[in-house]
Number of protein chains: 2
Amino acid sequence: MTMSDNRKLGIAVAQMGPVHLADDRKAVVARLVEMLKEAAARGARLVVFPELALTTFFPRYWMSEEEAEERFFEHAMPNAHVQPLFDLAKSLGVGFYLGYAERTAGGERFNTSILVDASGNIVSKYRKIHLPGHSDHKVDAPFQHLEKKFFQVGDAGLPVVEAFDTRVGMCLCNDRRWPETWRMMSLQSAEVGVLGYNTPSLNIHWNEPVHLRMSTHLISLQASAYQNAMWIAAAAKCGSEDGHHMIGGSVIVAPTGEIAARTVTEEDEVIVANADLSLVEGFREHVFNFAKHRRPEHYHLIVERVGAGEPLPLKNI
Amino acid sequence: MTMSDNRKLGIAVAQMGPVHLADDRKAVVARLVEMLKEAAARGARLVVFPELALTTFFPRYWMSEEEAEERFFEHAMPNAHVQPLFDLAKSLGVGFYLGYAERTAGGERFNTSILVDASGNIVSKYRKIHLPGHSDHKVDAPFQHLEKKFFQVGDAGLPVVEAFDTRVGMCLCNDRRWPETWRMMSLQSAEVGVLGYNTPSLNIHWNEPVHLRMSTHLISLQASAYQNAMWIAAAAKCGSEDGHHMIGGSVIVAPTGEIAARTVTEEDEVIVANADLSLVEGFREHVFNFAKHRRPEHYHLIVERVGAGEPLPLKNI
């Protein structure tokens, strides 16, 4: 593999420690501003913030949609609260990725993220497709996971946009566990994938061992970065939000599947990698030369079926 | 997660050390017979052998198709050489998975594997889809990787068959690096995936660091087992075949993404796990409840495109 100086991108992940119910957006944006400054000073041109970065992870609380809209959704982007972040990014010539709860003019609600370029312009928007959790009130659970109640399924696909002299694919949290997410990006020639997440340390649905929350997060990102020959930058909101703990483990993963940088706290923490994009080219020319090696004629169930079904009839036996 | 006694399957992986050019099939089958005995004695009901298990990994040598057919392909299965393995399996009530080079009556050549049940019947056949390497003679390379010369692309899809009181999906070597392989299995409700491989330690196509051959093998299997909620049993042929080294690292991976058993040599070596199939059900009821969470309407490029292309037009921006 050859390292090429002219195909490098400084990428930062700005992990966030907890945002409590009592923390207002002004205080939160001040934390993002501080991390953007640090990331820029350390050579980043793109800074990745978490999913639903501006508030606590409110889908854990049972409330009406109207109350959630009022307290936790953004009705415009940018808005007065986040304007300082846009202004600073523009003045520093740094772009960023940011997740927030979007309430549209038409009254729709999405778990959304935006990519903002170094001029402070929103160049792409993503609305989360793989919504985990439930929509009913689980009264016996220690907390809720109401993404299926508060959000509609995204209507904008898995977007890839030309920016930062490369191509960037966008996704959020649970999307990372579905290989289709990253494949849709690499089939659009994305070289960098950005991800924000809030992952409760406790799975309320069944007695999954707690340590698997971290290990399955990491192997999913490592395998996806390798199998799609992409850099992946993943930012957690983590630590204990009003007593509800979420995993950290924010990482920047190389197309080798190796973790190039990783957070070591559950607080606000910036990690940076000078990502060599020529690594992408190397893997895509050889083992993952899709045009030479993929066989879509044998993949049809991936789009024909939603859930699992019966085995197909056997051939040649 | 609940361990259930009545949904367990004893799975063995029978890794093979090198098979040299001078080793005849009789000697090779004697080694398979020994490992089958050991596996059965250790509680296995299904024994997984490697890809192209009966000969050396001959695609590394330049020769004519006719010569390869003569020396390295099976013209019938079973045949006199492998009959002792079929007989022993039947008498022990143990099934097995075996890879070999198949020459059909019609003159076609495939990189093939079969699943044999505890009665000694072939219940499914797979013909490899993702053929790596090249078809031309790379005269400057230290060895060849001529799967695209000697084999046709498989014509039988990615089969899943009901056997061993579960459903088993079959694949070979390079297939494991393509997430579509495992997804096609899980969409057919496979609970166990079986894999044989021959993976050269040196990538002749470009200067990929050698250690990545093992790490990318492992993360691919771990992520695929987790993301498809399957047990995966993977058997290497490994060590130095006439001076050409191949990786070992045979594993049995649980639906948690954890390595439940792993070889520690590059020789003939049997590993066994008593695989709890109820783990599959747990993951498929919750995080990987496909019917609830998959969004095939957003996956269309996976079957529409072979190679990567331009980004789709952006929506909602």
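Since this is a predicted model, take the numbers as computed values, not measurements.
Between Ala223(B) and Ala223(A), the closest heavy-atom pair is CB-CB, 3.3 Å. Scanning both residues, Tyr126(A) and Cys171(A), for their nearest heavy atoms gives CE2-CA, 3.7 Å. Residues Ser201(A) and Ile247(A) approach most closely at OG-N, 3.5 Å, considering heavy atoms. Taking each heavy atom of Ser124(A) and Val161(A) in turn, the nearest pair found is CB-CG1, 3.7 Å. Listed here is the closest heavy atom pair of Met230(B) and Val280(B): CA-CG2, 4.4 Å. Val168(A) approaches Val194(A) most closely through the heavy-atom pair CG1-CG2, 3.8 Å.
For a residue to count as touching a neighbouring chain, one of its non-hydrogen atoms must lie under 4.5 Å from one of that chain's; by this rule Val153(B) touches chain A with the side chain only. Contact annotation for Leu131(B): only backbone heavy atoms (N, CA, C, O) come within less than 4.5 Å of a heavy atom of chain A. Contact annotation for Phe288(B): both backbone and side-chain heavy atoms come within less than 4.5 Å of a heavy atom of chain A. In this structure, chain A has a heavy atom under 4.5 Å from the side chain of Leu158(B), while its backbone stays farther away. For Ser186(B), the part lying under 4.5 angstrom from a heavy atom of chain A is the backbone only. Residue contact with chain A, scored on non-hydrogen atoms closer than 4.5 Å, involves the side chain of His211(B) exclusively. With a 4.5 angstrom heavy-atom cutoff, Tyr226(B) touches chain A only via side-chain atoms. Within the 4.5 angstrom heavy-atom criterion, only side-chain atoms of Arg167(A), from C-beta onward, approach chain B. Neither the backbone nor the side chain of Glu304(B) comes within contact range of chain A; no heavy atoms are under 4.5 Å apart. In this structure, the portion of His286(A) lying under 4.5 Å from any heavy atom of chain B is its side chain and not its backbone. Contacts between Pro132(B) and chain A at a heavy-atom distance below 4.5 Å involve the backbone alone (N, CA, C, O). Looking at Glu258(A), the atoms closer than 4.5 Å to chain B (heavy atoms on both sides) all sit in the side chain, from C-beta outward.
Most heavy-atom pairs under 4.5 Å with chain B, from the set His300(A), His293(A), Glu285(A): that is His293(A). Ranked by heavy-atom pairs under 4.5 Å with chain A, the first of Leu312(B), Val303(B), Ile302(B), Leu301(B) is Ile302(B). Contact count against chain B (heavy-atom pairs under 4.5 Å) is highest for Arg183(A) among Arg305(A), Glu162(A), Arg183(A). Between chain A and the residues Trp182(B), Phe290(B), Tyr299(B), the largest count of heavy-atom pairs under 4.5 Å involves Tyr299(B). Among Gln222(A), Met185(A), Glu297(A), the residue making the largest number of heavy-atom pairs under 4.5 Å with chain B is Gln222(A). Per-residue heavy-atom pair counts under 4.5 Å with chain A were compared for Gly282(B), Pro313(B), Ser224(B), Gly169(B), and the maximum is reached by Gly282(B). Heavy-atom pairs under 4.5 Å with chain B were tallied for Gln227(A), Glu180(A), His298(A); the largest tally goes to Glu180(A). By number of non-hydrogen pairs under 4.5 angstrom with chain A, the leading residue of Gly257(B), Gly133(B), Ser220(B) is Ser220(B).
Between Lys149(B) atom NZ and Asp136(B) atom CG the span is 9.5 Å, to the nearest 0.5 Å.
Among Arg109(A), Lys125(A), His75(A), the single residue meeting the side chain to side chain donor-acceptor pair (under 3.5 Å) criterion with Glu102(A) is Lys125(A).
Remark: the Arg177(A) side chain and the Thr216(A) side chain contain an N/O donor-acceptor pair separated by less than 3.5 Å. There is a side-chain donor-acceptor pair under 3.5 Å between Thr199(B) and Arg176(B).
Between His130(A) and Trp178(A), the ring planes lie parallel to each other; the angle is under 30°, not in the 30° to 60° tilted range.
No more than 12 heavy atoms of other residues, nucleotides or ligands shown are found within 6.0 angstrom of NZ on Lys292(B).
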